[in-house]
Amino acid sequence: MSDTFTLAGTTFTSRLIIGTGKYRSFKEMQAAHKASGAEMVTVAVNRVPLDRKSESFLDYLDPEMRILPNTAGCYDADHAIRTARLAREALETDWIKLEVIGDPVTLLPDNEQTLEAARILVKEGFIVLPYFSDDLIMAKKLLDAGCPAVMPLAAPIGSGMGVQNPSNLRIMREQLPDATIIVDAGVGVPSDASIAMELGADAILMNTAIAEARDAELMATAMNYAVRAGRLSYLSGRMPKRLYASASSPIEGAIK
């Protein structure tokens, strides 16, 4: 079954997007990336070495993968915009995962600053993928600003708590049937990824869940399967939930 994922004119066969941080070694990261089947990887611009004379994580990225720079570590719109411009120069891409953090403890996003930065970056020709709280109204505003996709969180970054507000994601999917929704942050285990996909997400971005697993390569394999399983489940349509039992076997003609 062919079920590709298209974003800003680029088609991907994998709906899993991964990161580069927290791995114990570059080789471990490389093995996990390969096992994940992902075709897009996000990198923090502040980790990109300007001097490429020494070894860095960039040397271990599959050259076939699309690099999605992100503005991690930015706490206001101006900083995020400057970081995006630096990423464009350093990595020669207009794609940017926009992160504007509002609180250093929870790392929750500042939606107001995110929207302000998104509007400016879109006008400058960036393909802006904004990370924000799971808020339907903010999703509409970001899409209206010209973002080709929105990236609501499942839970705080690096928490591994899974989807905390499934109703919000479900409502977002139902109210924005044509929007591209990529769940970002909070996934801890493959079942979390499947739940997000079953709720209608088009893709999932994760890093810590794989990088901090005891066996990162094995967890990347599991996430690969989980995202695909969740997608197939969403397309299949789940059975209705019932308060009472419903016999699996037909009762017509049953022996009495």
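This chain uses plain numbering: 1 for the first residue, then up along the sequence. Source: prediction; values computed, not measured.
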E198 vs R238, side-chain contact (heavy atoms from CB on, under 4.5 Å): CA-CA, chis, key distance, verdict: CA-CA 9 Å; E198 288 173 359; R238 65 154 297 138; over 6 Å; no

Salt bridge (charged side-chain N to carboxylate O under 4.0 Å, His left out) contacts in which one or both residues fall within residues 157-166, not counting sequence neighbours: none

Nearest-0.5 Å distance, CD of residue Q113 to CD of residue E116: 5.0 Å

Which side-chain N or O atoms in residues 4-12 pair as donor and acceptor under 3.5 Å with protein atoms at least two apart or in another chain?
from: T6; atom 1: OG1; to: T11; atom 2: OG1; distance (Å): 3.0

For residues 179-190, tabulate all N or O donor-acceptor pairs below 3.5 Å that involve a side-chain atom, not counting sequence neighbours.
from: D184; atom 1: OD2; to: K97; atom 2: NZ; distance (Å): 2.9

Residue pairs fulfilling salt bridge (charged side-chain N to carboxylate O under 4.0 Å, His left out) with at least one residue in residues 143-159, sequence neighbours excluded: none

Pairing residues for Y234 by the ring pair (Phe, Tyr, Trp, His ring centres under 6.0 Å) criterion, not counting sequence neighbours: none

Which pairs would a plain distance check flag for residues 214-221, meaning a side-chain donor or acceptor within less than 3.5 Å of a matching protein atom at least two apart in sequence or in another chain?
from: D215; atom 1: OD1; to: E217; atom 2: N; distance (Å): 3.3
from: D215; atom 1: OD1; to: L218; atom 2: N; distance (Å): 3.0
from: T221; atom 1: OG1; to: E217; atom 2: O; distance (Å): 3.0

Distance-minimising heavy-atom pair for T83 and N70: CG2-O, 4.5 Å

More than 12 heavy atoms of other groups within 6.0 Å of E112 CD: no

Using distance only, find each side-chain donor-acceptor pair of residues 135-143 under 3.5 Å and give its atom names and separation, not counting sequence neighbours.
from: D135; atom 1: OD2; to: I137; atom 2: N; distance (Å): 3.1
from: D135; atom 1: OD2; to: M138; atom 2: N; distance (Å): 2.6

Nearest heavy-atom neighbours spanning V45 and A87: CG2-CB, 3.5 Å

Backbone N/O of T71 and side chain of E99: donor-acceptor pair under 3.5 Å: no

Remaining members of the apolar cluster that contains L243, side-chain heavy atoms under 4.5 Å: Y244

Connected via hydrophobic side-chain network under 4.5 Å: I210 and M65: yes

Euclidean distance, M29 CE relative to T20 OG1, rounded to 0.5 Å: 6.5 Å

Residue pairs involving residues 6-30 (criterion salt bridge (charged side-chain N to carboxylate O under 4.0 Å, His left out); sequence neighbours excluded): D3-R15, K22-E212, R24-E28

Of all pairs that satisfy ring-ring contact (aromatic ring centres under 6.0 Å, His included), the ones with a partner from residues 57-113, not counting sequence neighbours: F26-Y60

All pairs passing salt bridge (charged side-chain N to carboxylate O under 4.0 Å, His left out) where residues 61-88 contributes a residue, at least two apart: R85-E124, R88-D94

Within residues 110-168 or reaching into it, pairs that qualify as ring-ring contact (aromatic ring centres under 6.0 Å, His included) - sequence neighbours excluded: none

Evaluation steps, side-chain contact (heavy atoms from CB on, under 4.5 Å), between L205 and L129: CA-CA 11 Å; L205 190 152; L129 308 179; over 6 Å; no

